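Have a look at the structure below, then the notes.
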Amino acid sequence: MNELTADEIVDLCLKHTLYDWQQQGVTRPIAVASARGSEFFTVGGKRYLDFNSQLMGVNIGHADPRVAEAIAEQARTLPYISPFMATEVRARLGQKLAELMPGDLDKVFFTLGGAEANENAIRIAKAVTGRNKILARYRSYHGATYATISLTGDPRRWGNEPGMPGVVHVLDPYHGTERATDDAATALAYLEETVMLEGPATIAAFILEPVTGTNGILIPPDGYLQGVRELCDRHGILLIADEVMSGFGRTGEWFAVNHWGVVPDIMTMAKGLTSSAVPLGAVGLRPSVHRYFDEHVYWGGLTYNSHPLACAAALATINVYEEDGLIDRSRKLGEVMADHHQELSERHPSVGLVRNLGLFGILELVRSRETMEPMAPFNGSSDEMKAIGKYLDEHGLFTMVRWNQIMTNPPLCITEEQLAEGFEIIDGALGAADAAVA
Ligand SMILES: Cc1ncc(COP(=O)(O)O)c(C=O)c1O
């Protein structure tokens, strides 16, 4: 299929295109030729099992023919039209999302991805409330535009400072492996204190990932999200749920907030919306928010708002979730994943913590179960973690190994056999970490 060799592809990519989040001189990407379901194949023919759905976005699996056909059909009929027009795919997708979104959220603004969705979400929040500040959490990622990298709490923000003024970061209930996670009441008390000290009437919104993604699959203690909702209501602060990664079945519900029955004022989506096949994001709004724009101009716009190809891809993708029962499947396979996690933690002293909700999962490795010292420091790596990454790569398991963490976030269509295969490879890789346990 490819006319160029793997080396030629990689060399040209590195010569003429810029790679994300890394020093260009040290990266050597994999040349990928094709993908299907939970697997992808290199130009050299090597198979990888995808245990991270790429960037936790290929939820229905790679290259679903139903989505491919919908995109092709839309490309033949109307690939693009100005966002000032109305199209059937836009009408149908808006209606479908209004049906799927929690509570009374019933209107969306379409963007190209997650960052643009969050960017517009905070602008909407500022316009509607007339307030300026945005609260966000430290252990978070909200995108890489100027505003959203400022919202982002993790170290990817550091190289982009000073950022947008008016962002206030708050601590999470989770504090790393060496300290206990706060219960909901403690975490809410700190949050309330920050709100009081900042001045509640200056805060437009609190943006959070209901289940945090790249910062460690952080599942909030029960009561936390409900408490955040109540606190926001009390102070007229809008709650923005960033469901870019946690949405569309990843946690075993359409949206992670559903686990706690919390309805955000604004909800952002991307990734799983099209299973990443085509770039598309969306900002979902409650009537109490979007009614403001019945009387006021929305000072925002995008050439590719409601792009017909992307809308067609999203409609077909949502159809696959429903036709294949993927949301239920994520919930059920989440139980199987929890068993695998448990087994690994019984077999390997280096496994300090395991967590998952649906197929959103993680292992945190430690040097000692007594001290819970992480196998690699915050924002760092270690020889052991590097050895694990190398082993997984050599054995054809693609996933994210970050700091002391191994992510387990496969496509929702993964089979039980493939799930077992992936965990068997991780089992083999953990030897390198066990040897370092005190
Ligand atoms: C929770 C969350 N929000 C926002 C984004 C940014 O999305 P995008 O890369 O599509 O701009 C990401 C991407 O990983 C994410 O995980």
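All values derive from a computational prediction rather than experimental measurement. Order of listing sets the numbers, starting from 1, for every ligand and every atom in it.
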| query | Does any N or O atom in Ala270 lie less than 3.5 angstrom from one in ligand 1, N or O only? | reply | no

Looking only at protein heavy atoms, what sits closest to atom 5 (C) of ligand 1 is Val244 CG1, 3.8 Å

among protein heavy atoms, the one nearest atom 2 (C) of ligand 1 is Tyr141 O, 3.3 Å

Residues Arg331 and Asp328 bridged, charged N to O under 4.0 Å:
yes

The answer for which part of Asn118 has a heavy atom under 4.0 Å from ligand 1 is side chain

Handout entry: Axial cation check for Trp21 ring with Arg156, 6.0 Å and 45° limits
Key = yes

Handout entry: Heteroatom proximity flag, Glu209 to ligand 1, N/O under 3.5 Å
Key = no

Can you confirm if the aromatic rings of Trp260 and Tyr224 lie within a centre distance of less than 6.0 Å? no

Worksheet item: Under 3.5 Å, is there a donor-acceptor pair linking the side chains of His235 and Glu192?
Response: yes

**Study point:** Salt-bridge present (Arg137, Glu209; N to O < 4.0 Å)
**Key:** no

For Met245, the atoms of ligand 1 under 4.0 Å from one of its heavy atoms are 14 (O), 16 (O)

| query | Does a donor on one side chain sit under 3.5 Å from an acceptor on the other, for Asp393 and Tyr48? | reply | yes

Q.
Checking contacts now, so for atom 16 (O) of ligand 1, which I'm interested in, is there any protein heavy atom under 4.0 Å?
A. yes

Once the angle between the rings of Phe423 and His340 is folded into 0 to 90°, is it parallel (under 30°), tilted (30 to 60°) or perpendicular (over 60°)?
parallel

Less than 3.5 Å between some nitrogen or oxygen of Lys271 and one of ligand 1, yes or no?
yes

message: Do the side chains of Glu421 and Arg47 get close enough for a salt bridge, i.e. N-O under 4.0 angstrom?
response: yes

In ligand 1, the atoms that come under 4.0 Å of a heavy atom of Gly114 are 6 (C), 7 (O), 8 (P), 10 (O), 11 (O)

Q: Look at ligand 1 and say whether Asp242 reaches it with a heavy atom at a distance under 4.0 Å.
A: yes

A student checking ligand 1 against Ala115 at a 4.0 Å heavy-atom cut-off should list atoms 6 (C), 7 (O), 8 (P), 11 (O)

### Query
Purely on distance, is any nitrogen or oxygen of Gly113 under 3.5 Å from one on ligand 1?
no

